[in-house]
2 protein chains.
Amino acid sequence: MAIEKSDTLHGRILEEFSSNIVDGTWPPGYLLPKETELAEQYGVSRMTMNKVLTRLASEGFVIRRKRSGTVVAQPRAESAVFAINNIGEEVAALGRRYKWSLLSSDSRAGNAQDRRLLGLNEDEAKDNSLFLQGLHFSNDEPFCLETRVINTKMVPDALGVDFEKDVPGSWLLTTMPWTKARHHVRAINVSGRDATLLELPVGAACLEVLRRTQIDAHWVTCARLLYPGEAHQLIAEFDGKIGG
Amino acid sequence: MAIEKSDTLHGRILEEFSSNIVDGTWPPGYLLPKETELAEQYGVSRMTMNKVLTRLASEGFVIRRKRSGTVVAQPRAESAVFAINNIGEEVAALGRRYKWSLLSSDSRAGNAQDRRLLGLNEDEAKDNSLFLQGLHFSNDEPFCLETRVINTKMVPDALGVDFEKDVPGSWLLTTMPWTKARHHVRAINVSGRDATLLELPVGAACLEVLRRTQIDAHWVTCARLLYPGEAHQLIAEFDGKIGG
DNA sequence: TAGTGGTCTAGACCACTCC
DNA sequence: GAGTGGTCTAGACCACTAG
């Protein structure tokens, strides 16, 4: 089998440079030749070399400053990127049968307990709120307990949706495609009704994900996702690889 | 206060386009005019418009295909990006006093329990392994229990380091700056020695982070980081914002 | 104040893909 | 086969900043 050639000019140079950085040939602090010089060395135009260096900078591999040039960055702190996927897809990806079951649906004002659970302010969730609770199943076993409040001022259509059929998260995604979210993840000892619903003994460790979704400055929905701890794990890969 | 002007040509167009997508002016599936047309409309060169569209595509907002043109993408599944930072920085960021305390350090072969705990294969960690355990403190309270094995074939210098002074994670970061890592996060009920060291009752929920670091195909170090559950949470923001 | 990166242009050729 | 995005060039001006 022949060695695969890289596809583009700037792609090849990008790979070479990132290799140099990752394998230590260019250690942190190393000063790269200037743009015009590199362009000449590699026989490309300045724009092409600029594309490479701009990309390296945006990925955090190098720091570029006028007059002082381009230097290899100090490595980023150990870090990780997690992707929390759609629950239905997540279950399907595990090769299991997915089911959603709505437990309750109330259009009412939120009380202090709701606000605490979902991490809302006092002003938020006082009215125009739709409270939902339901279970996600994987092969008929409880996989995730979802407690959610939807701001019906932002999403009035939600009042007309049958959430026994439509999974709230998925429906919201199709309705408000591009939103911002903030997540908090922690471990808790499950108790009370949560334990009963998840069919877990009181005190079992669970992974709690709080997700607050907003569009501009307005919150759209807040969800609390409770996963049986030992059964579920977030998996993340992190590397300095460029591209993809 | 005057309205802030955007800095660059492509920056302004990028903002405009991403706004159009996020606020629904351009819904998923919307077909954008072709590159040359857009360039003409905005009075810029094709390269500049290409920069905008290429960026939009790399951020996942649009799909570009030859002949068929550029269309607004179906929104990505709900997802989140977590950053796990250096523990010392993490504690400092909370405005607390940080301390590291090494509990044990052994250069030995790993047994089955070690491998299970750290998620290693049988072939890995059989020799050339340095086992460490220590506690990270926040204001003199246990913040994180770290159990780690270092592949001394990859990092021979590690045998000469005094890990009572140097925090393993930080030291490795300065020694092998650009590495890849895989993380597994789950909730567990703490027990035994782990509970004692973290000064927690048996059964308390903890967040367990398994981090396996490698360079190319070779593992460098595996760490198990155990955080008292209620006290620690991962925080992540995710949005479709472009730039930064 | 001189050198560096930041940005932009006008034009060109190519490759892929849909009709 | 025709039209689209993908890529590249040579040259230009500007803004910032280190010395």
Side-chain angles (χ1 to χ4, degrees), chain A residues 2-18 20-21 26 28-74 242-244, chain B residues 2 4-18 20-21 26 28-74 241-244:
Chain A
I3 293 175
E4 201 74 38
K5 277 201 306 184
S6 296
D7 41 353
T8 70
L9 245 181
H10 68 260
R12 261 170 290 170
I13 300 174
L14 189 62
E15 282 173 26
E16 185 176 330
F17 284 13
S18 59
N20 286 343
I21 294 171
W26 291 350
Y30 175 81
L31 175 68
L32 276 71
K34 57 192 178 203
E35 224 175 61
T36 49
E37 221 166 276
L38 283 170
E40 201 178 351
Q41 280 179 29
Y42 283 80
V44 299
S45 75
R46 193 187 150 213
M47 271 297 281
T48 301
M49 188 53 73
N50 181 282
K51 199 169 192 171
V52 172
L53 295 175
T54 301
R55 183 79 181 275
L56 278 175
S58 78
E59 301 279 347
F61 282 96
V62 300
I63 308 283
R64 311 194 76 195
R65 258 176 309 190
K66 300 168 201 259
R67 180 72 186 177
S68 52
T70 302
V71 298
V72 175
Q74 293 302 315
I242 285 189
Chain B
E4 203 72 40
K5 277 200 306 184
S6 297
D7 42 353
T8 69
L9 245 181
H10 67 261
R12 263 171 288 169
I13 300 175
L14 189 62
E15 281 173 27
E16 184 175 330
F17 284 13
S18 59
N20 287 343
I21 294 171
W26 292 350
Y30 174 81
L31 176 67
L32 276 72
K34 58 192 177 203
E35 224 175 62
T36 49
E37 223 166 275
L38 283 170
E40 201 177 351
Q41 279 178 30
Y42 283 80
V44 300
S45 76
R46 193 186 151 214
M47 270 298 280
T48 301
M49 188 53 74
N50 180 283
K51 200 169 191 170
V52 172
L53 295 174
T54 302
R55 183 79 181 274
L56 277 176
S58 78
E59 302 280 346
F61 282 97
V62 300
I63 307 282
R64 312 193 76 194
R65 256 176 310 188
K66 299 170 202 259
R67 178 73 186 178
S68 49
T70 302
V71 298
V72 175
Q74 293 301 315
K241 182 166 175 288
I242 284 189

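Computation of the quantities below employed the complete heavy-atom set of this structure, encompassing side-chain atoms and omitting hydrogens, waters and symmetry-equivalent molecules. Each chain gets a letter, A, B and so on, in the order the sequences are listed, and its residues count up from 1.
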Write down the atom of Val62(A), the atom of Leu53(A), and the distance for their closest heavy-atom approach. CG2-O, 4.1 Å

Which nucleotide in the list dC8(D), dG6(D), dC8(C) gets nearest to the side chain of Leu9(B)? dC8(C)

For DNA chain D, consecutive-pair runs of 3 or more (Watson-Crick or G-U wobble, both H-bond-type distances under 3.5 Å) give C:1-18 with D:1-18

In whole Å, I'd like the distance from the NZ atom of Lys51(B) to the P atom of dG6(D). 16 Å

So, does Thr70(B) get its side chain near the phosphate of dG5(D), meaning an N or O under 4.0 Å from OP1 or OP2? yes

Using atom CE of Met47(A) as one end and atom P of dA10(C) as the other, report the distance to the nearest whole Å. 13 Å

Are Gln74(B) and Ile63(B) packed together at the side-chain level, in the sense that at least one heavy-atom pair is separated by less than 4.5 angstrom? no

Minimum heavy-atom distance Ala73(A)-Pro28(A), with the two atoms named: O-CB, 3.5 Å

Could you please name the option among dT9(C), dC8(D), dG5(D) that lies closest to any side-chain atom of Arg46(B)? dG5(D)

CG of Leu31(A) versus C1' of dG5(C): gap in Å, rounded? 13 Å

Minimum-distance pair of heavy atoms, taken over all atoms of Leu38(A) and Met49(A): O-CE, 3.5 Å

Tabulated below should be each protein N or O lying under 3.5 Å from an N or O of nucleotides 16-19 of chain D; please produce it.
none

With sequence neighbours left out, write down each residue that passes side-chain hydrogen bond (donor to acceptor under 3.5 Å, both in side chains) with Ser58(A), or none if nothing qualifies. none

Contacts of type side-chain hydrogen bond (donor to acceptor under 3.5 Å, both in side chains), residue Tyr42(A), not counting sequence neighbours: Glu16(A)

With side-chain contact (heavy atoms from CB on, under 4.5 Å) as the test, would you mind laying out the steps for Met47(B) and Met47(A) before giving the verdict? CA-CA 11 Å; Met47(B) 270 298 280; Met47(A) 271 297 281; 3.4 Å; yes

To check you understand the geometry: which heavy-atom pair defines the closest contact between Phe17(B) and Val52(B), and what is its length? CD2-CG1, 3.9 Å

Mind listing the residues from residues 34-44 of chain B sitting with a heavy atom below 4.0 Å of DNA chain C? Number order is fine. Gly43(B), Val44(B)

So for atom CD, which belongs to Glu40(A), do other residues, nucleotides or ligands contribute more than 12 heavy atoms lying within a distance under 6.0 Å? no

Euclidean distance, atom CE of residue Met49(B) to atom C1' of dT4(D) [Å, nearest integer]: 16 Å

Whole-Å distance, Leu32(B) CG to dT4(D) P, equals 14 Å

Any chance you could lay out the side-chain contact (heavy atoms from CB on, under 4.5 Å) test for Arg64(B) and Asn50(B), step after step, and finish with the verdict? CA-CA 11 Å; Arg64(B) 312 193 76 194; Asn50(B) 180 283; 4.0 Å; yes

By salt bridge (Lys or Arg N to Asp or Glu O under 4.0 Å) - contacts of Arg65(B) (at least two apart): none

Atom CD1 of Ile63(B) to atom C1' of dT17(C): distance rounded to whole Å? 16 Å

Counting only side-chain N and O atoms of Arg64(B), is one of them less than 4.0 Å from OP1 or OP2 of dG6(D)? yes

